[in-house]
Amino acid sequence: MDHHRFDVLVVGSGLAGLTAALLLAPTHRVAVLTKGGLPDGASGWAQGGIAAVLAEDDSFDAHVQDTLVAGAGLCAPDAARFVVERAPAAIDWLRGLGVPFSCEDGGTALHLTREGGHGARRIVHAADATGAAVQAVLVARVRATPSITVFEGHTLVDLRTAPAAGGAADLPARCTGLLAHDAATGRTVAFEAPQVVLATGGAGQVYRHTTNPSTATGDGIAAAWRAGCRVANLEFVQFHPTSLHHPQADGFLISEAVRGEGGRLLRPDGHRFMPDHDPRAELASRDIVARAIEAEMQRHGLDCVWLDISHQPPAFLQAHFPTIGARCAALGIDIARQPIPVVPAAHYTCGGVVADLHGRTDLAGLYAIGETACTGLHGANRLASNSLVECMVFARAAADDIRAAARPPAAGGHGPADPAQAPAPSVQGVVPEAVPADTGHLDPAHLATVRDTLRRAMAEDVGIVRSDARLQRAADRIAALGAEVEQHWRTAPPDRALIELRNLVQVAGLIVRSARARRESRGLHYSRDWPATDATGVPTVLLPAAA
């Protein structure tokens with residue numbers, strides 16, 4: 001097995017991972033592992049923008065309060081304030097790197113838009129393709145930084161762990177590195193480092209309809225769980241209310257900012273229905289809007305509803321929503337003259353690996369940041385545009401903590417490590433190394449069928465509206481799929497498709513376990529059998545069997 005040794009391993013190449021890598025690069029030798037290409041993460045798909053208090057008539061207290069309200073009584077107030085107070089500095093950092101944010105009338109003052117759940121205009125954006133603009137700048141910076149080595153086509157298989165130093169029973173085990181599958185060679189590669197940062201994004205691909213890219217398969221969440229970390233609040237899967245409904249749309253997102261700029265949700269008969277569901281109408285938080293759309297579709301037998309922004313001048317639409325306009329036009333929809341057909345789709349994983357305000361997890365040396373983590377910021381429902389700023393704030397917090405640890409650099413550069421000097425790690429899970437010739441191959445079409453079966457089961461039984469019976473059915477179906485996948489895992493060499501399927505099944509099971517444990521309706525989790533909301537919100541925390 002090939003070995004590499006670095007000071008820090010960063011798994012994931014979205015905004016969280018690339019920010020952490022760049023902040024650590026001046027003092028550490030960093031490896032960035034990504035299973036696709038460097039620009040392929042979910043961050044590049046973000047349209048709306050980044051929330052930060054920059055206007056004179058806005059305040060940190062107001063942004064915190066909007067976050068807490070959206071989180072439905074389950075946010076950690078210290079986490080919300082931690083992020084909100086550091087958001088303006090994060091925007092300054094991006095501007096300093098050259099991110100081309102939209103400004104007022106060609107000047108230097110940032111244009112601020114408003115999205116659902118926000119009481120003020122505080123969304124910094126680059127037209128309607130903010131994530132792509134940010135990602136392009138960071139990718140270029142990372143590629144130009146000599147102390148960062150990028151490993152594209154490397155999929156996380158499992159984390160490597162070792163007992164606490166000296167075998168102390170009262171100290172947590174430590175993460176010593178990871179195993180990854182190299183798509184170019186088909187081999188398993190070992191990476192060692194005293195610090196590992198998981199920034200692998202969420203698990204939107206666990207659902208049939210999602211706005212997430214194909215890479216969002218919960219890899220970091222599943223690997224951390226197998227390594228002995230707690231996970232929390234995984235029942236809270238945010239469905240974006242407005243993904244484009246078209247057979248060729250492939251989960252294309254219609255930004256929250258369309259409603260922020262006056263977009264109205266209509267039934268086919270032209271009735272504007274959101275005022276019937278919430279006094280904030282289209283500017284209600286995403287969980288409320290998504291449930292309202294779902295209710296209207298079920299009540300009236302609709303395949304979709306309509307989002308109408310055609311009352312705005314064409315020049316305004318071209319300036320604010322060029323990407324959305326172009327994508328819709330390619331499908332024969334003129335947003336300046338026609339409403340946009342939309343449906344809810346799985347969008348954001350609000351729960352994840354339990355992490356503190358430094359990004360630290362239950363394993364010493366292991367950090368989780370961005371959508372992979374659960375810090376308490378989002379609670380039961382993420383406030384729009386709080387996710388990208390969360391990536392940057394916790395990437396900096398983790399980088400600061402890693403620097404403060406003042407660990408000695410790993411000897412020997414980033415070449416092959418000397419196995420005799422390496423600690424004695426354990427690998428969570430089974431990584432087949434030698435497989436008989438007659439059992440060493442899997443039909444990719446079969447794996448795709450199993451994946452599709454899982455995603456359909458989640459869409460049917462663990463969607464926007466849930467029930468005890470449907471959750472039980474989902475648990476049974478996932479258990480059966482999990483048994484089949486585990487058999488494949490033990491008898492065939494891993495490749496990306498099998499690794500992702502293993503992680504999807506595991507995360508799906510954790511979502512269902514979390515949902516069944518919550519005997520109330522709160523935020524993104526709505527149960528027909530438990531429609532009331534408890535007076536006090538309590539996080540759902542799952543402990544791994546190893547604990």
Side-chain angles (χ1 to χ4, degrees), residues 14 41-51 70-72 113-118 123 125 128-132 201-214 216 235-246 249-261 263-265 274 277-278 280-297 303-307 309 321 323-324 327-328 340-351 371 378-388 390 455 458-459 462-465 511 523-526:
S43 296
W45 290 37
Q47 294 177 352
I50 308 172
T113 189
R114 183 180 175 189
E115 296 183 350
H118 289 273
I123 311 303
H125 62 104
D128 62 346
T130 306
Q205 285 292 323
V206 82
Y207 285 92
R208 185 183 179 196
H209 298 292
T210 178
T211 63
N212 290 187
S214 61
E235 70 269 38
F236 299 115
V237 178
Q238 186 174 77
F239 284 75
H240 196 287
T242 54
S243 72
L244 180 59
H245 180 66
H246 191 280
D250 193 27
F252 184 78
L253 169 66
I254 304 299
S255 169
E256 190 98 7
V258 173
R259 284 181 284 126
E261 295 296 347
R264 297 172 295 198
L265 285 164
M274 275 310 302
H277 294 268
D278 191 279
R280 295 170 292 177
E282 284 82 6
L283 291 178
S285 58
R286 288 178 174 178
D287 58 328
I288 292 173
V289 178
R291 278 200 301 274
I293 294 174
E294 178 88 351
E296 294 288 336
M297 290 171 59
D303 292 328
C304 65
V305 297
W306 301 96
L307 178 59
I309 190 70
F321 307 115
T323 305
I324 293 172
R327 185 74 178 102
C328 288
I340 306 167
V342 294
V343 293
H347 182 59
Y348 192 86
T349 307
C350 288
E371 194 174 354
H378 304 305
N381 179 35
R382 177 178 69 92
L383 180 65
S385 289
N386 268 359
S387 53
L388 292 183
E390 176 196 28
R455 299 175 74 201
M458 291 294 290
V462 200
I464 296 173
V465 178
I511 292 171
L524 299 166
H525 174 77
Y526 184 82

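Please read all numbers here as calculations on a predicted model, not as lab measurements.
We find the CD1-CG distance between I324 and L253 to be 7.0 Å, quoted to the nearest 0.5 Å. Atom CG of residue L244 and atom CD1 of residue I254 lie 5.0 Å apart, to the nearest 0.5 angstrom. To the nearest 0.5 Å, atom CG of residue L307 and atom OG of residue S255 are 10.0 Å apart. Rounding to the nearest 0.5 Å gives a distance of 13.0 Å between CD1 of I293 and CH2 of W306.
Side chain to side chain, E371 and S387 fail the donor-acceptor criterion of an N or O pair below 3.5 Å. A donor-acceptor pair shorter than 3.5 Å cannot be found between the side chains of H125 and T130.
Nearest heavy atom pair, residue C304 against residue M297, reads N-CE, 4.1 Å. Considering every non-hydrogen atom in both A290 and P344, the closest pair reads O-CG, 4.0 Å. Across A70 and N381, no two heavy atoms sit closer than the pair O-CB, 3.0 Å.
Not counting sequence neighbours, F321 has no partner by the ring pair (Phe, Tyr, Trp, His ring centres under 6.0 Å) test. Checked against side chain to side chain contact (heavy atoms under 4.5 Å, CB included), R208 has the following partners two or more places apart in sequence or in another chain: R455, R456, A459.
Between E390 and N386 there is no side-chain heavy-atom pair separated by less than 4.5 Å. Taking the side chain as every heavy atom from C-beta outward, T242 and V258 never approach each other to under 4.5 Å. Using a 4.5 Å cut-off on side-chain heavy atoms (C-beta onward), L265 and E296 make no contact. Side-chain contact between V237 and L524 is absent, with no heavy atoms from C-beta onward closer than 4.5 Å. Residues V289 and E282 are not in side-chain contact: their nearest non-hydrogen atoms beyond the backbone lie 4.5 Å or more apart. Residues I511 and Y207 form a side-chain contact, since some pair of their non-hydrogen atoms from C-beta on lies under 4.5 Å apart.
The side chain to side chain donor-acceptor pair (under 3.5 Å) with Y348 is formed by just one residue from the set R382, R286, H378, Q238; it is H378. The residue from E115, E256, H118, R114 that alone fulfils the side chain to side chain donor-acceptor pair (under 3.5 Å) condition with S385 is E115.
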Go through the steps for V343 and S243 under the test side-chain contact (heavy atoms from CB on, under 4.5 Å), then give the verdict.
CA-CA 5 Å; V343 293; S243 72; 3.6 Å; yes
